[in-house]
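Just so you know, residue 1 is the first one in the sequence shown, and it goes up from there.
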Amino acid sequence: MTEKTFLQKVTEALQEIYPPEEYDIHGDVFVKNNDTHKHGIVIKKKGEIISPTIYMDSYYQDYLNKKVTVDETAGQISEVWGRIRKHAAEYNSLTLDFDFCREKIVYRLISRERNSQLLEKIPHVPFLNLAITFQLVCNISERGVETLRISNELKEKWDVSTKTLVSLAEENTPRLFPPRLDSLTGLLIKYFELAGQDSPEDGAEPERADSMLVLSNEYNINGASVLLYPDLIHNLAQKYRKNLYILPSSIHELILIPDNEGNSLSVLSEIVRDINCRHVQREEILSDTAYYYDRSEKRFLF
């Protein structure tokens with residue numbers, strides 16, 4: 001059975017559980033970042049605005065491995081939905097009225113090349129070889145950051161221009177997601193402490209390690225978007241009195257290397273491509289290209 005057929009049959013089984021006069025249930029293939037596709041099911045009570053999507057990948061693998069039947073999968077999904085139902089209901093007091101949402105509009109950076117399908121459906125602005133896209137922040141809490149992607153349909157409903165979205169996001173994003181800068185050495189020490197392990201020994205190329213800076217936001221979620229914060233990169237370049245190489249390690253963070261004339265864009269881009277290939281999940285890749293900020297010309301190169 002293909003995953004598409006499996007999705008259809010589980011959806012039908014759930015429709016037998018939930019009365020159709022009270023619930024809308026549908027399965028679909030959702031386009032995620034970098035044109036990755038995920039099969040998912042939405043169980044939404046009629047009249048509600050937002051309901052979480054339950055993705056089917058792990059359920060399908062269990063089915064292929066003969067651990068569950070279609071009906072058992074439907075039962076598992078019903079249990080999961082029941083547990084998250086209370087949390088999801090919090091958002092149904094939200095409104096998508098533009099005046100309510102305008103202070104919650106933020107931007108994110110994604111790859112243009114890897115998101116050709118997605119970019120057809122959402123407002124965006126080209127930036128270098130990337131695209132600036134827009135999200136509506138629903139909640140920021142200890143559970144994480146929860147957002148809703150702004151689609152062309154929602155933009156049309158609001159009757160606003162992409163320029164307006166950019167203007168609002170430029171104001172809101174740094175406020176809601178303040179930037180955070182760490183030295184690579186300091187960040188590694190934090191990770192070792194959290195893992196309950198001894199920190200790496202001092203002296204392991206300290207100058208090289210300390211010359212590499214990790215830039216993200218306070219939540220380390222979609223932190224590469226700090227690249228767009230007005231004057232942030234320029235002020236850092238001025239602080240270090242160097243032009244900066246910028247390595248997009250993922251959509252969540254950037255690595256900055258002051259230009260000490262020992263690197264080149266082509267070599268650093270090869271490093272980025274290799275890391276993406278070996279260590280970064282496809283959905284979290286930002287770019288295969290390293291960037292360069294020239295502080296005298298106040299512009300990015302790649």
Side-chain angles (χ1 to χ4, degrees), residues 32-36 106-115 118 127-133 135 144-145 147 173-174 177-195 197 199-200 204-229 232-237 239-240 242-260 262-294 300-302:
K32 307 294 285 183
N33 190 44
N34 292 334
D35 281 347
T36 52
V106 299
Y107 49 46
R108 286 184 177 176
L109 274 178
I110 63 174
S111 165
R112 280 216 315 268
E113 180 182 359
R114 286 184 166 92
N115 287 281
L118 177 61
F127 176 76
L128 303 175
N129 60 343
L130 307 172
I132 303 170
T133 65
Q135 301 273 332
V145 177
T147 63
T173 315
F177 300 96
R180 189 194 71 235
L181 182 70
D182 293 291
S183 72
L184 185 58
T185 300
L187 199 61
L188 288 173
I189 290 173
K190 289 180 185 178
Y191 286 154
F192 274 88
E193 290 175 347
L194 288 172
Q197 301 178 21
S199 299
E205 296 187 0
E207 293 183 3
R208 180 175 178 81
D210 285 338
S211 69
M212 300 176 70
L213 308 166
V214 181
L215 183 62
S216 184
N217 59 39
E218 288 291 340
Y219 303 96
N220 203 40
I221 297 175
N222 289 286
S225 299
V226 298
L227 189 65
L228 301 170
Y229 287 10
L232 176 61
I233 299 298
H234 180 73
N235 290 341
L236 288 172
K239 175 182 177 180
Y240 290 96
K242 298 283 185 179
N243 295 337
L244 298 173
Y245 289 102
I246 303 165
L247 280 62
S249 59
S250 73
I251 60 174
H252 300 302
E253 62 186 18
L254 307 168
I255 295 176
L256 308 185
I257 305 175
D259 182 5
N260 294 311
N263 291 301
S264 73
L265 269 178
S266 59
V267 170
L268 292 175
S269 291
E270 288 180 11
I271 292 173
V272 171
R273 283 192 291 272
D274 184 66
I275 291 174
N276 285 343
C277 181
R278 295 172 180 268
H279 303 293
V280 184
Q281 295 181 11
R282 178 182 172 189
E283 194 174 333
E284 297 192 343
I285 293 173
L286 178 62
S287 172
D288 287 329
T289 307
Y291 305 98
Y292 187 78
Y293 182 75
D294 187 315
F300 293 96
L301 304 170
F302 68 99

> So, taking the atom named CD1 in Ile285 and the one named CG in Asn276, what distance separates them when rounded to the nearest 0.5 Å?
4.5 Å
> Within the supplied structure, the quantity of interest is the number of heavy atoms (other residues, nucleotides, ligands) at a distance under 6.0 Å from Gln281 CD; does it exceed 12?
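Check fails, neighbour count at 12 or below.
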> With rounding to the nearest 0.5 Å, note down the distance linking OG1 in Thr133 to CD1 in Ile110.
4.5 Å
> Could you tell me whether a side-chain N or O of Asn34 sits under 3.5 Å from a main-chain N or O of Arg282, the two making a donor and an acceptor?
yes
> Would you mind reporting whether Tyr229 and Leu215 have side-chain heavy atoms less than 4.5 Å apart?
no
> Distance-only, no hydrogens or angles: does the Thr173 side chain make a donor-acceptor pair with backbone N or O of Val106 under 3.5 Å?
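Here the side-chain-to-backbone pair does not exist.
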> Could you state the interatomic distance from CG (Leu286) to CG (Leu247), rounded to the nearest 0.5 Å?
11.0 Å
> Please determine whether the number of non-hydrogen atoms from other residues, nucleotides or ligands lying under 6.0 Å from atom CD of Glu113 exceeds 12.
no
> So does Ile221 get a backbone contact from the side chain of Asn217, meaning a donor-acceptor N/O pair under 3.5 Å?
yes
> Just verifying a value: how many Å separate Leu228 CG and Leu109 CG, rounded to the nearest 0.5 Å?
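One gets 4.0 Å once the value is rounded to the nearest 0.5 Å.
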> Are the side chains of Leu254 and Tyr291 in touch, meaning some heavy atoms are under 4.5 Å apart?
no
> Verify side-chain contact (heavy atoms from CB on, under 4.5 Å) between Thr147 and Arg108, making sure each step is shown before the conclusion.
CA-CA 11 Å; Thr147 63; Arg108 286 184 177 176; 3.2 Å; yes
> Answer yes or no: is there a side-chain heavy-atom contact under 4.5 Å between Asn220 and Glu253?
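Asn220 reaches Glu253 side chain to side chain.
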> Say you draw a straight line from CG of Asp259 to OH of Tyr292; how long is it, rounded to the nearest 0.5 Å?
3.5 Å
> As an exercise, state the distance from CG of Asp288 to CG of Asn129, rounded to the nearest 0.5 Å.
9.0 Å
> Within a strict 4.5 Å, meaning less than it, do heavy atoms of the Phe300 and Ile233 side chains meet?
yes
> Using only atom types and a distance under 3.5 Å, with no angle test, would you say the side chain of Arg112 pairs donor to acceptor with the backbone of Leu128?
yes
> Show the nearest heavy-atom pair for residues Gly223 and Ser216, with the distance to one decimal.
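Here Gly223 and Ser216 meet closest at CA-OG, 3.5 Å.
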> Does the pair Leu236 and Tyr293 meet the rule for a side-chain contact (heavy atoms from CB on, under 4.5 Å), with working shown?
CA-CA 10 Å; Leu236 288 172; Tyr293 182 75; over 6 Å; no
> Are Arg114 and Asp35 close enough that some pair of their side-chain heavy atoms sits under 4.5 Å apart?
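Heavy-atom side-chain distance check fails, nothing below 4.5 Å.
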> Return the orientation label for the Phe177 and Tyr219 ring planes: parallel under 30°, perpendicular over 60°, tilted otherwise.
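Phe177 and Tyr219: perpendicular rings.
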> Look only at the side chain of Asn115 and the backbone of Ser111, and say whether a donor-acceptor pair between them is shorter than 3.5 Å.
yes
> What do the steps show when you test Asn260 against Lys242 for side-chain contact (heavy atoms from CB on, under 4.5 Å), and what is the final call?
CA-CA 8 Å; Asn260 294 311; Lys242 298 283 185 179; 3.3 Å; yes
> Heavy atoms, side chains only, cut-off 4.5 Å: are Val280 and Ser249 in contact?
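Answer no - side chains too far apart.
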> Do the side chains of Ile271 and Ile275 get nearer than 4.5 Å, heavy atoms only?
yes
> Nearest heavy-atom pair of Leu130 and Ser287: which atoms, and what distance?
CD2-CB, 3.9 Å
> Specify the closest pair of heavy atoms between Ser250 and Ala224, including all atoms of both residues, with the distance to one decimal.
O-CB, 3.7 Å
